Amino acid sequence: MSEIADKVKKIVVEHLGVEESKVTPDASFIDDLGADSLDTVELVMAFEEAFSVEIPEDAAEKIATVKDAIDYIEKQKAA
Amino acid sequence: MMANLSAMKERRVVVTGMGLVTPLAVGVEQSWQRLIAGQTGIGRISCFDPSDLPAQVAGEVPEGPTAEGGLTLADWVPTKDQKKMDRFIHLGMAAAIQAVEDSGWKPETEEERCATGVMIGSGIGGLQTIYEASLTVASGKARRLSPFFIPSALINLISGHVSIRYGFKGPNHSAVTACATGVHAIGDATRLIMLGDADVMVAGGAEAAVCSLGIAGFSSARALSTSFNDTPEKASRPWDRDRDGFVMGEGSGIVVLEEYEHAKARGAKIYGEIIGYGLSGDAHHITAPAEGHEGAFRAMTAALRSAGITPADIDYVNAHGTSTMADDLELDAVERFFGNDAKRVAMSSTKSATGHLLGAAGSVEAMFSMLAIRDNVAPPTLNLDNPARESVIDRVAHEAQQRKINIALSNSFGFGGTNASLIVKGI
């Protein structure tokens with residue numbers, strides 16, 4: 001697993017208080033990990049802070065799963 | 001549920017559940033036993049370094065295992081939810097959960113859920129949360145502000161969280177009257193039940209303003225004790241000549257109020273009845289009461305009228321008694337209120353042991369009054385070594401007293417000139 005994926009996973013575990021084994025790439029923050037809409041706002045902020053990236057609101061709305069988050073951040077970092 | 005106003009008189013309101021989080025302990029029995037044993041909950045401030053401030057003592061809720069009367073937050077609020085709530089909500093949840101579990105009330109039908117409401121207030125709300133959020137914004141990180149900042153700081157959010165946790169869909173309300181909040185919450189919730197808006201109400205107050213901003217603010221208002229930083233246990237000394245301000249405390253007191261027939265029908269344990277409630281305003285000054293505390297006199301008189309009793313029926317008074325200059329003004333008002341019966345009443349200030357819990361004080365003290373009735377014990381006023389002024393009223397100096405207590409009066413007064421009195425009775 002990439003360093004980014006690892007870090008994303010850690011942030012999700014910490015913010016949503018879920019077991020690490022549940023944080024699979026396809027896990028949806030809301031449907032599978034018990035987040036509500038405010039939790040997802042906070043998660044995106046945590047990603048921005050941890051990876052020093054800007055995630056605009058329209059992009060944030062499309063980040064629904066762990067994989068979505070990893071892909072977006074990897075793309076930003078590669079650019 | 002009834003909505004007929006003419007039926008109001010027939011709807012009596014009793015207390016069927018209690019929850020306490022105080023500087024003495026977490027838990028009703030633990031707090032009460034330590035109180036009547038003459039223990040203190042006051043010490044040097046530990047949650048931040050108070051060295052820069054003139055007031056350095058407070059009543060903080062002790063950490064520790066729940067079974068030993070300590071606070072283990074994870075027992076009350078899931079770890080992942082803790083950061084979404086200011087500490088005043090944490091403490092409020094701990095007291096509310098105790099009260100609801102103690103009452104045994106579990107609404108099963110939609111009608112029962114809709115007849116169960118919540119009215120929990122706070123004097124100040126999420127002060128530390130607001131302070132920290134301000135620092136985030138001031139450091140240019142406004143866009144990083146937590147989405148939970150506002151719901152973490154809002155005063156009515158304990159009522160919200162309690163309703164969500166238990167599915168209580170009745171009136172969802174919150175009282176905010178500074179240091180009178182706890183009494184207003186219980187009194188107003190009682191009236192909602194009397195009026196038929198609910199059959200059961202979870203009511204009380206919570207406060208967690210022992211933080212640098214809270215202590216600094218009340219220090220600037222010259223309201224806090226500053227002469228006992230090296231002997232914290234002596235700092236709260238209501239009516240004593242050496243008193244020099246109040247000691248801030250944190251915590252929460254929450255009761256389950258229930259319509260009497262409703263409680264009886266389900267065989268609930270009943271602590272006592274709320275028989276009187278009176279309110280008044282000083283219209284005088286933002287922080288100081290008027291001469292003779294005539295606003296307090298009027299609140300007590302209004303409570304007496306609503307109870308339909310006479311002062312001679314009252315056995316115990318839990319005073320507002322904050323350990324400030326205003327103590328003697330309250331004493332004036334209480335002496336005037338009782339007249340010739342003053343010599344047979346006992347009055348104490350439990351703030352001598354807990355400190356002043358601001359928005360939680362009134363509900364915590366209403367519960368202490370109920371327990372005084374249950375056990376026929378008047379809790380002590382600690383540190384009353386040399387009364388600044390003599391009185392025929394027994395102020396229960398130093399040690400608890402065993403005495404017959406059937407009816408008790410509890411006073412709370414707040415900044416802004418707001419006064420509230422509650423009268424409770426054994427059943």
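Because only heavy atoms are used, hydrogens play no part in the values below, and waters and symmetry mates are left out as well, while side chains stay in. All of these numbers come straight from a predicted model, not from anything done at the bench. Within every chain, numbering begins at 1; the chains are lettered A, B, ... in the order of the sequence lines, protein sequences first and strands thereafter.
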Revision key, fill the gap. If you tally heavy-atom pairs under 4.5 Å between each of B:L145, B:D81, B:T79 and chain A, the highest tally belongs to B:L145
Point to revise | A:D71/A:K67 ion pair, N-O < 4.0 Å | key: yes
Check your understanding: Are any side-chain N or O atoms of B:T136 and backbone N or O atoms of B:K141, one a donor and one an acceptor, separated by less than 3.5 Å?
Key -> no
Review point. Of the non-hydrogen atoms in B:P23 and B:L357, which two are nearest, and what is the gap between them?
Key: CD-CD1, 3.9 Å
Review point. Do A:K9 and A:D6 sit within salt-bridge range, that is, some charged N less than 4.0 Å from a carboxylate O?
Key: no
Check your understanding: Do you know which of A:V41, A:V18, A:L38 has the most heavy-atom pairs under 4.5 Å to chain B?
Key -> A:L38
Check your understanding: Minimum heavy-atom separation for B:V162 to B:A96, with atom names?
Key -> CG2-CB, 3.6 Å
Check your understanding: Any chance NE2 of B:H173 has more than 12 other-residue heavy atoms, nucleotides or ligands included, within less than 6.0 Å?
Key -> no
Review point. If you check every heavy atom in residues 45-52 of chain A against those of chain B, which residues fall under 4.5 Å?
Key: A:M45, A:E48, A:E49
**Study point:** Heavy-atom closest pair, residues B:E63 and B:L71
**Key:** OE1-O, 3.4 Å
